[in-house]
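Count residues from 1 along the sequence.
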Amino acid sequence: MTNHEQLFQIKGQVETIIYRSERDGYTVLELSTEESLVTATGVMPQISAGESVILYGVFKNHPAYGEQFVVSTFEHTMPENLDGVLKYLSGGAIKGIGPSTARRLVLEFGADTLNVLENEPERVAKLKGISLKKANDISEQLKSAVGIRELMVYLAGYSVSAAYAVRIWKKYGNGAIAAIEENPYILCEEGFGISFETADMIALSQNNSKDARIRVRAALVYVLKHNRLNGHTCLPQDRLIEATASLLEIELPPCESALQEMVEENTLILNEIDGKEFIFLPSLYDSETYIAARIKMLLRYPAMAIEGAEEKIKAVEKEAGIEYAELQKKAIRDALNTGLLILTGGPGTGKTTTLNAIIRILKESGQKVSLCAPTGRAAQRMASVTGEEAKTIHRMLEVSYDIEEKPVFKRNERNLLNTEALIVDEVSMVDVVLLESLLRAMPLSCRLILVGDSHQLPSVGAGNVLHDLIASGLIPVVELNEIFRQSMQSLIVTNAHKIVNGEMPDIRVRDNDFFFMRDFPQEHIAETVGDLCARRLKNAYGYTLLENIQVLTPTRKGILGTYELNNRLQSLVNPNPSRGVKVGGYVLNEGDKVMQVKNNYDILWSRDNGEHGEGVFNGDIGVMIEVNNASKIYRVRFDDRTAVYDGDSVGDLELAYACTVHKSQGNEFDCVILPMFRGAPQLMYRNLLYTAVTRAKKMLIIVGDENALHLMVENNRRVSRYTGLKQFLMRD
């Protein structure tokens with residue numbers, strides 16, 4: 001049991017369950033103590049009305065509901081008196097038992113009712129209307145209720161919260177404690193969210209040696225998974241061994257031996273790349289080798305060429321009253337003739353015009369064309385510039401989620417997409433796992449056109465897809481590099497191209513769309529950003545944070561990180577803390593600009609015209625228009641639709657007055673403000689600056705240190721990632 005010295009303890013009987021999340025066990029209940037009725041909140045799965053419990057936690061004052069007892073952990077005793085047993089069973093604690101059945105059971109078995117239900121289902125089955133199957137089901141439910149509580153008490157001894165216990169219970173059930181004692185490192189498996197350090201602490205407390213085989217094996221996997229979060233799909237074998245030994249503070253030989261064992265049993269995959277041995281997690285190895293094989297198949301068996309491409313291009317030019325540049329014509333021809341194309345280029349180079357011509361000719365030729373992008377905002381922008389429907393890749397693949405909240409796609413090899421031409425925008429944001437899923441669902445004869453800007457940041461997930469596809473030299477690539485005359489007038493466009501070429505942007509001009517404001521130190525930069533957002537841009541241009549302005553920053557931490565900037569900007573434009581809902585480190589108020597930070601396909605939305613649908617996507621930005629903590633209903637306006645959140649899903653939102661450059665990918669904003677300061681070296685590089693600049697449509701304002709701007713322009717370190725895709729593509 002955890003140390004309760006600094007926690008309050010209250011005892012009583014549960015009167016009412018006010019609210020419960022089936023997903024994570026978060027519960028709001030009323031507890032009857034000797035002194036009063038107390039409202040308690042926390043993760044308390046399978047606690048039901050009628051139970052006697054001991055709760056450990058602290059009293060906190062909620063701005064809307066007053067004093068509440070926030071529970072850290074709890075103990076319970078099943079009700080012993082007849083009134084308690086009757087209330088427990090009547091309250092819906094056991095599925096299949098309602099108030100009338102509860103009364104019959106208590107009349108039949110008295111104070112021993114719960115013991116009989118759990119351990120003697122055959123006696124219960126003798127009652128009229130209760131089959132042996134139903135009696136056994138009731139028995140299992142009671143055993144589960146006891147089992148999950150035992151697991152929570154067990155894990156609380158290692159400071160593991162009840163929320164994590166619920167996840168572990170869903171996978172291991174009554175065998176959870178035995179499984180943990182046999183191998184504590186199962187706790188840091190995907191889906192549980194428990195750190196390797198916590199699992200390691202539990203293992204060492206059970207007297208496992210520092211070089212125990214289960215410890216070393218778990219650490220090898222942990223190091224690979226940790227580096228996957230940094231974008232790597234594999235690691236050099238020697239670096240993996242050294243990193244693991246350093247993590248565990250042991251010598252190299254136990255790591256070498258365990259790795260050899262795991263490779264022999266295919267728990268990890270060894271593959272030689274350019275004469276060096278690399279180690280892959282099996283799932284990422286499968287993703288990259290599948291992508292390579294599928295791309296080669298597309299090249300070997302291409303979609304049928306569209307006849308009369310030249311004539312069709314001329315017809316579109318004549319009708320639209322334009323003349324395509326030579327590279328644009330080449331891109332259109334390749335898309336129509338080869339069936340596989342990568343179309344890349346920076347701002348102002350005519351990518352959208354080229355793409356629209358490709359779509360038009362394909363549709364006029366009778367092809368069924370499907371458009372998609374990795375994020376909701378990118379899909380919306382794709383739809384607006386093409387005039388065609390565009391979906392997120394997840395939506396196109398008809399995603400659902402398993403018990404561990406991992407995506408499962410209904411569209412796959414056995415249920416292919418109904419399309420003849422697939423166009424994917426913002427490919428630089430697509431990781432290897434998502435591309436693998438998309439290719440698996442693509443018909444064999446389907447045309448594939450990948451569109452993106454190769455100079456932008458790579459995906460948040462593992463891999464460097466666009467870079468590797470281009471670098472392989474295997475796939476037809478057209479890079480548009482001519483800035484069209486109308487775009488030459490924009491300093492945002494011309495400076496973006498200067499940055500890509502390693503040239504310092506022009507920061508002297510004061511009458512265009514690209515402005516540089518020298519400012520320091522960081523605290524003063526933050527004040528200037530706040531003043532621009534709250535006053536100066538509104539007075540000069542009518543721009544507001546809700547509608548036009550987006551602050552972008554490289555980092556989440558520090559004075560100029562997203563967290564502090566968001567709280568600063570909120571205090572300037574929407575200070576209303578008493579009515580908000582606390583989510584993470586933020587309080588979200590009515591009128592706040594918020595961002596969805598993960599895909600959620602269950603959130604309901606409606607448009608003003610009466611249209612209804614489901615799904616809000618990672619990166620979607622909207623305004624909180626209703627906060628109702630009493631009913632746990634929260635409404636957010638996203639462009640032309642209003643989404644409804646509950647107490648669980650509201651946790652997917654955060655303030656969005658400022659967001660990271662990485663999070664902004666796939667979005668465009670009228671006005672971007674970019675604080676410029678000497679931050680962490682790993683964030684001071686050219687591609688990140690270029691990505692930030694190209695998010696601005698009408699105005700870009702850089703505020704800060706000119707020397708930091710120089711550093712970013714001069715630092716051309718590409719995000720270095722260990723991947724295998726390029727090599728797998730190049731192999732025979």
* Asked: Got a salt bridge between Glu611 and Arg641, using NZ or NE/NH1/NH2 to carboxylate O under 4.0 Å?
  ->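 So Glu611 does not pair with Arg641 through a salt bridge.
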
* Structure fact -> With sequence neighbours left out, the residues meeting side-chain contact (heavy atoms from CB on, under 4.5 Å) with Leu229 are none

Side-chain contact, heavy-atom cut-off 4.5 Å: [X] with [Y]?
X      : Y      : result
Leu105 : Leu127 : yes
Lys632 : Val581 : no
Phe69  : Leu31  : no
Leu55  : Met44  : yes
Leu151 : Tyr172 : no
Arg395 : Cys372 : no
Arg103 : Leu86  : yes
Leu422 : Met396 : yes

* To do: For residues Ala102 and Ile97, report the shortest heavy-atom separation together with the two atoms involved.
  =>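 What the structure gives for the nearest pair is N-CG2, 3.8 Å.
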
* Structure fact -> For Ile17 and Ala49, the nearest pair of non-hydrogen atoms, with its separation, is CG1-N, 4.2 Å

* Is a side-chain donor-acceptor pair under 3.5 Å present for Glu140 with Asn136? -> no

* Asked: Restricting to pairs with a member in residues 121-132, which pass salt bridge (charged side-chain N to carboxylate O under 4.0 Å, His left out), not counting sequence neighbours?
  ->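 Only Glu120-Arg123 qualify under salt bridge (charged side-chain N to carboxylate O under 4.0 Å, His left out).
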
* Is Arg167 reaching over with its side chain to a backbone N or O of Phe192, donor-acceptor style, under 3.5 angstrom? -> yes

* Got a donor-acceptor contact below 3.5 angstrom from the Ser139 side chain to the Ala135 backbone? -> no

* **Residue pairs, two or more places apart or on separate chains, that pass ring-ring contact (aromatic ring centres under 6.0 Å, His included) and touch residues 101-140** => none

* Structure fact -> The ring pair (Phe, Tyr, Trp, His ring centres under 6.0 Å) partners of Phe638 (sequence neighbours excluded) come to none

* Test ring pair (Phe, Tyr, Trp, His ring centres under 6.0 Å) applied to Tyr164 - qualifying residues, sequence neighbours left out ->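 In terms of ring pair (Phe, Tyr, Trp, His ring centres under 6.0 Å), with neighbours along the sequence ignored, Tyr164 is linked to no residue.
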
* Asked: Should the pair Tyr285 and Phe280 be assigned to parallel (<30°), tilted (30 to 60°) or perpendicular (>60°) ring geometry?
  ->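 Taking Phe280 first and then Tyr285, their aromatic rings stand perpendicular (interplane angle over 60°).
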
* Structure fact -> With sequence neighbours left out, the residues meeting side-chain hydrogen bond (donor to acceptor under 3.5 Å, both in side chains) with Ser287 are Glu436

